[in-house]
Protein chains: 2
Amino acid sequence: MTDPAELERDLRSAGLRVTRPRLAVLDAVHAHPHLDTEALIGAARTRLDAVSHQAVYDVLRVLTDTGLVRRIQPQGSVARYEARVGDNHHHLVCRSCGAISDVDCATGAAPCLTPSGDAPPDFVVDEAEVIYWGRCRSCATAPAAPSTTDRPAERGNP
Amino acid sequence: MTDPAELERDLRSAGLRVTRPRLAVLDAVHAHPHLDTEALIGAARTRLDAVSHQAVYDVLRVLTDTGLVRRIQPQGSVARYEARVGDNHHHLVCRSCGAISDVDCATGAAPCLTPSGDAPPDFVVDEAEVIYWGRCRSCATAPAAPSTTDRPAERGNP
DNA sequence: GGTCGTTTCTTGACTGCTTCAAGGAAACGG
DNA sequence: CCGTTTCCTTGAAGCAGTCAAGAAACGACC
């Protein structure tokens, strides 16, 4: 649980009003990286007695727009959010259980990567988003049995 | 329009039955890279008199599963498909008009990139998916007026 | 502290992409 | 040519996310 005063300061410095739903959601995103919206609604409701799902959607949008949180959405997954912003890190996603983990970016500053061979015609690139696809250890060792300890990402799994 | 015999050969070598919807969709994906499903339904219907939208969804799933087409889905966009597979290339996406273009991968073979600093814990990576975000030339020069010549990607644009 | 204007949250309905399900049609091996 | 298997059609449903109108909360100013 992050210091409320710090969260409040973050909101204010982003030019946002400080409201209880915003504090709750922001704290939840800090506490649990890579959660989806539904889970964040739940997490916000443990902090507050009641929040509408619409409020959480609104808050997440505002926080994303102001850069306080980052939204990621690997294929086959719904939107997920994290509070680690500004360091241009990347993500590892497990193909079978959907687990996500962070990887530091080698180059550091965005766009950490530029299209190779400067062939690209007329594009001004400001960010390179990288997703590493593979299998986490538990799924790599037990291929057919996706672990249930992490939340699955793919919807249409047979 | 790709040679039908060639498309047929591709289907067979992937172990798939050759049907008219599959040929039509596969040809459409070859002809128009980065189209979304709705546009592909339209493109398939110019090749065939009638195809159900469900058939196109089914076909796209099968083609994706067998690796004959690749599915991409930048944030804020619906699913899009391309027939350029196996070369592990990447994509440039314009933030304002949603235009997508291809970039060759420098390294060539997948995973063209490995997580830097081998810090990542216990992940077997088989692919690195890179999306370069930025602005295409027309949008970079006219920031406030997204070009309508390319199909927009974002839905909730004000 | 109290008051006012603006922003934000609540409630409820709705959209759009995608998938599910059942039955008929087509592909392909024999 | 026939039977089995797979695939397409039709129609409906699911689900994440959005829209809209009114009530509540924030915070600036007095």
Side-chain angles (χ1 to χ4, degrees), chain A residues 4 7-9 11-26 35-42 44-45 47-66 68 71-81 98 151-158, chain B residues 4 7-9 11-26 35-42 44-45 47-66 71-81 151-158:
Chain A
L7 299 175
E8 186 175 333
R9 189 167 45 69
L11 286 171
R12 290 197 198 281
S13 62
L16 297 176
R17 288 192 178 178
V18 178
T19 69
R20 310 227 261 115
R22 283 175 181 177
L23 288 170
V25 171
L26 194 49
L35 244 46
D36 61 27
T37 311
E38 187 184 330
L40 283 172
I41 292 173
R45 284 184 179 153
R47 274 145 244 252
L48 257 53
D49 290 351
V51 210
S52 65
H53 89 157
Q54 184 62 33
V56 177
Y57 272 98
D58 287 351
V59 167
L60 286 172
R61 162 169 300 203
V62 171
L63 295 179
T64 305
D65 289 350
T66 54
L68 287 179
R71 173 182 168 139
I72 61 175
Q73 190 167 12
Q75 287 204 34
S77 169
V78 295
R80 288 161 187 282
Y81 298 88
R151 43 185 58 252
E154 319 197 36
R155 315 186 247 190
N157 245 7
Chain B
L7 299 175
E8 185 175 335
R9 190 168 42 71
L11 287 171
R12 289 196 199 282
S13 61
L16 298 176
R17 288 192 178 180
V18 177
T19 70
R20 311 227 262 116
R22 284 175 180 178
L23 288 170
V25 170
L26 193 50
L35 245 46
D36 61 26
T37 310
E38 188 185 328
L40 283 172
I41 292 172
R45 284 183 178 153
R47 274 144 243 252
L48 256 54
D49 291 350
V51 209
S52 65
H53 89 157
Q54 184 60 34
V56 176
Y57 272 97
D58 286 350
V59 168
L60 286 172
R61 161 169 299 202
V62 171
L63 294 179
T64 305
D65 288 350
T66 53
R71 174 183 170 139
I72 59 176
Q73 191 166 10
Q75 287 204 31
S77 168
V78 295
R80 289 161 186 282
Y81 298 87
R151 43 184 57 252
E154 318 198 37
R155 322 183 242 190
N157 245 6

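By convention in this document, chain letters (A, B, ...) are assigned in the order of the sequence lines, proteins followed by strands, and residues within each chain are numbered from 1.
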Ala44(A) to Val25(A) - nearest heavy-atom pair and separation: CB-CG2, 4.2 Å

Test item: Arg22(A) and Arg17(A) side chains (from C-beta on) under 4.5 Å apart, heavy atoms: yes

Heavy-atom check, side chain of Leu26(A) versus side chain of Leu63(A), under 4.5 Å: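 Side-chain contact under 4.5 Å: yes.
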
Looking at [options], which one has an atom nearest to any side-chain atom of [X]?
X        : options                   : answer
Ser52(B) : dT18(D), dT9(D), dG17(D)  : dT9(D)
Arg22(B) : dA12(D), dC7(D), dC9(C)   : dC7(D)
Ala55(B) : dC8(D), dC9(C), dT18(D)   : dC8(D)
Val78(A) : dT11(C), dA16(D), dG27(D) : dA16(D)

Touch class at under 4.0 angstrom, heavy-atom based, for Val62(A) against every strand present: nothing

Sugar-phosphate only, base, or nothing, as touched by Val51(B) at under 4.0 Å among non-hydrogen atoms: sugar-phosphate

Ser77(B): which of Gln75(B), Gln73(B), Arg80(B) passes side-chain hydrogen bond (donor to acceptor under 3.5 Å, both in side chains): Arg80(B)

Check the distance between [N]'s [atom2] and [X]'s [atom1] and give it to me in whole angstrom.
X        : N       : atom1 : atom2 : value
Asp58(A) : dA21(D) : CG    : C1'   : 14 Å
Gln75(B) : dA16(D) : CD    : C1'   : 14 Å
Leu23(A) : dA25(D) : CG    : P     : 15 Å
Gln73(B) : dT18(C) : CD    : P     : 6 Å
Leu11(B) : dT6(D)  : CG    : P     : 16 Å
Arg12(A) : dC26(D) : CZ    : P     : 10 Å
Glu38(B) : dT15(C) : CD    : P     : 16 Å
Leu60(A) : dC9(C)  : CG    : C1'   : 14 Å

Residues Leu23(A), Val18(A); criterion side-chain contact (heavy atoms from CB on, under 4.5 Å); working and verdict: CA-CA 7 Å; Leu23(A) 288 170; Val18(A) 178; 3.8 Å; yes

Leu16(A), Val62(A), Thr66(A) screened by side chain to side chain contact (heavy atoms under 4.5 Å, CB included) with Leu11(A), the one that passes: Leu16(A)

Give a yes/no on whether any side-chain N or O of [X] is located under 4.0 angstrom from OP1 or OP2 of [N].
X        : N       : answer
Arg20(B) : dA27(C) : no
Thr37(B) : dC17(C) : no
Thr19(A) : dC9(C)  : yes

5' priority, DNA chain D, between His53(B) and Pro21(B) [closest heavy atom]: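 Whichever sits nearer the 5' end wins; that is Pro21(B).
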
Base of dC20(C) paired with side chain of Gln54(B) (donor-acceptor, under 3.5 Å):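 Per atom types, the contact qualifies.
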
Base dT6(C) to side chain Arg17(A), donor-acceptor N/O within 3.5 Å cut-off: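 Yes, a donor-acceptor pair under 3.5 Å.
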
Residue met sooner reading DNA chain C from 5', once Tyr57(B) and Leu16(B) are mapped to nucleotides: Tyr57(B)

